[in-house]
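Because only heavy atoms are used, hydrogens play no part in the values below, and waters and symmetry mates are left out as well, while side chains stay in. Remember, it's 1-based here, ligands and their atoms both numbered in the order they're listed.
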Amino acid sequence: MNRTDTKVDVLLGLQWGDEGKGKIVDVLTPGYDVVARFQGGPNAGHTLEFDARKFILRSVPSGIFQGGTLNVIGSGVALDPLLFRREVEELEASGHALSQRLAISKKAHLILPTHRLVDAACEAAKGEGKIGTTGKGIGPAYMDKVGRNGLRVGDLLHDFDRKYREAVGRHLSLLKGLGADAGAEAELASLEREWLEAAELLKSFELIDSEQVLNRYLAEGKTILAEGAQGTMLDIDFGSYPFVTSSNTICAGCCTGLGVSPHRIGRVYGIFKAYCTRVGSGPFPTELTDETGEAMCRQGHEYGSVTGRRRRCGWIDLVALRYAVMLNGVTQLIMTKADVLDSFEHIKACVAYRTSDGNITTDFPYEADDRLTPVYAELPGWKTSTGKMQSEDEFPEELNNYLSFLEEELELPIKVVSLGADRKQTIFRYTEEDETIG
Ligand code: GDP
Ligand code: IMO
Ligand code: MG
């Protein structure tokens with residue numbers, strides 16, 4: 001059998017990350033044979049909650065908790081063996097053994113301990129202009145990949161020690177050039193032993209040519225859900241550069257990060273929060289630094305799952321969202337954290353920007369800096385607790401109005417609304433002619 005019609009569905013963030021991707025991938029998992037991560041690394045923090053338990057996944061895909069789904073760490077991912085080992089140990093301690101459920105691409109790039117040191121030194125060198133990275137060595141690891149100096153998971157199997165020493169030598173000269181103090185080398189000594197042990201553990205997992213395996217599955221008619229990390233506005237090419245991550249977070253990144261052809265892409269689930277957050281530096285036109293932003297942060301528990309940093313909060317930005325919908329070819333939308341706005345009197349949505357010369361634009365500009373002023377539409381809030389609702393029939397009129405308004409602005413249906421962190425707090429919205437989702 002060689003089917004050409006089986007598709008890869010993609011779920012990706014449309015904002016600046018933390019849209020609730022992990023939760024929704026977990027919810028959709030029973031509908032798929034495989035869940036695969038295609039880019040990013042342990043800069044991601046994907047939170048899942050069910051049965052009164054909470055898990056934060058960083059490199060492991062979010063499909064490990066339901067059914068017999070196979071999970072794949074794809075070739076576009078940057079993997080830190082040490083953080084991966086910690087993640088695996090925590091999961092195993094909680095009764096979730098991974099070895100039979102997880103396969104890792106041999107072509108995924110390794111994050112070395114020195115990548116983390118270079119990340120920190122680059123940030124320090126930038127001073128005020130720092131990106132506010134997660135400090136996980138993501139930029140330096142992808143820099144080595146593109147510079148053709150990277151080490152890949154498959155390298156662990158052949159002559160690794162020599163390749164590792166060469167890479168470390170290069171990084172140490174780089175660190176000197178960046179003015180990193182002598183402490184960096186001492187720090188390396190303490191990190192290195194544990195890292196090398198963890199790299200050994202990686203070898204006990206199934207290391208695969210993931211592009212071959214995934215395409216074989218597709219030919220057999222197996223269904224695949226690709227899980228994005230970060231968000232569209234953090235994309236290396238189209239995000240708010242240079243305040244972005246170092247991979248392609250957009251849908252095209254699924255093709256390059258898994259080795260699947262564009263004609264294999266099926267549904268593109270675009271996920272967004274009912275408002276907007278960002279962690280780290282960089283432009284955020286609808287950011288609120290007042291009590292309303294505080295309330296979003298408080299109600300939404302907006303603290304980074306990886307670094308614990310407070311997330312900046314603001315109203316939903318439809319200029320940025322339309323741009324994200326366009327870049328990804330989104331086919332259906334998923335809105336999370338609607339419950340966070342339950343007590344709000346009014347809800348605003350940015351429909352355009354006013355530029356410094358007084359013009360109105362609905363295009364996301366080259367430089368989305370402080371000189372942009374959001375133009376808002378204002379809608380009434382629903383002032384009702386939504387967390388226990390079981391179906392959209394229970395939705396207050398104002399929530400339905402907000403959803404219709406967004407659907408009209410974005411010209412796409414919102415198929416799922418999330419009303420809480422728990423797996424069960426998820427409402428599917430169907431119309432009669434809809435095929436099922438998930
Ligand atoms: P991800 O990186 O896109 O997977 O998102 P994160 O896990 O970093 O951040 C989303 C946060 O919101 C997590 O703490 C989730 O548990 C939580 N969350 C997800 N969906 C909802 C929701 O609908 N309502 C509320 N209140 N919290 C949610
Ligand atoms: P998930 O998958 C939110 C941000 C960092 C920083 C910039 C670059 O959980 O949505 P990096 O460490 O990647 O070099 O940092 O990108 N960032 C994220 N923000 N969610 C994430 O992942 C992020 N991953 C990176 O805060 O601004
Ligand atoms: Mg996150």
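Those atoms of ligand 2 that come under 4.0 Å of a heavy atom in K21, given as number and element, are 1 (P), 2 (O), 10 (O). Heavy-atom proximity to W16, at under 4.0 Å, picks out these atoms of ligand 2: 3 (C), 19 (N). Near L234, meaning under 4.0 Å from one of its heavy atoms, ligand 2 places the atoms 4 (C), 16 (O), 17 (N), 18 (C), 19 (N). Taking every heavy atom of A44 and a limit of under 4.0 angstrom, the matching atoms of ligand 2 come to 1 (P), 2 (O), 9 (O), 22 (O). Near I131, meaning under 4.0 Å from one of its heavy atoms, ligand 2 places the atoms 8 (C), 27 (O). If you number the atoms of ligand 2 from 1 as listed, the ones under 4.0 Å from a heavy atom of G280 come out as 27 (O). Within ligand 2, the atoms closer than 4.0 Å to a non-hydrogen atom of A229 are 2 (O), numbered from 1 in the order shown. Listed by number with element, the atoms of ligand 2 under 4.0 angstrom from any heavy atom of G132 are 5 (C), 6 (C), 26 (O), 27 (O). Less than 4.0 angstrom separates some heavy atom of G22 from each of these atoms of ligand 1: 4 (O).
For R309, every heavy-atom contact with ligand 2 shorter than 4.0 Å involves the side chain, none the backbone. Contacts between R278 and ligand 2 below 4.0 angstrom, taking non-hydrogen atoms only, are absent altogether. Of all the heavy atoms of D119, none lies under 4.0 Å from any atom of ligand 2, so neither backbone nor side chain is involved.
Every N/O-N/O distance between K136 and ligand 2 stays at or above 3.5 Å. Considering backbone and side-chain atoms together, A338 places no N or O closer than 3.5 Å to any N or O of ligand 1. Residue contacts with ligand 2: N43 is placed with a nitrogen or oxygen under 3.5 Å of a nitrogen or oxygen of the ligand (distance criterion only). No N or O atom of E19 sits closer than 3.5 Å to an N or O atom of ligand 2.
For atom 8 (C) of ligand 2, the nearest non-hydrogen atom of the protein is V244 O, 3.3 Å. What sits closest to atom 10 (C) of ligand 1 on the protein, heavy atoms only, is D18 O, 3.7 Å. Closest to atom 26 (N) of ligand 1 among all protein heavy atoms lies D339 OD2, 2.7 Å.
Using a 4.5 Å cut-off on side-chain heavy atoms (C-beta onward), V340 and Y275 make contact.
Residue contacts to the Mg ion (ligand 3): G45 brings an N, O or S atom closer than 2.8 Å.
Remark: distances from the non-hydrogen atoms of F243 to ligand 2 are all 4.0 Å or more. Contact between G45 and ligand 2 is present, with at least one heavy atom of the residue lying under 4.0 Å from the ligand.
Summarising the contacts of atom 13 (O) of ligand 2 with V279, I271, T245, T277, the nearest heavy atom is found in T245.
You'll find the ring centres of F344 and Y402 outside the 6.0 Å limit.
For D18, the N, O or S atom with the smallest separation from the Mg ion (ligand 3) is OD1.
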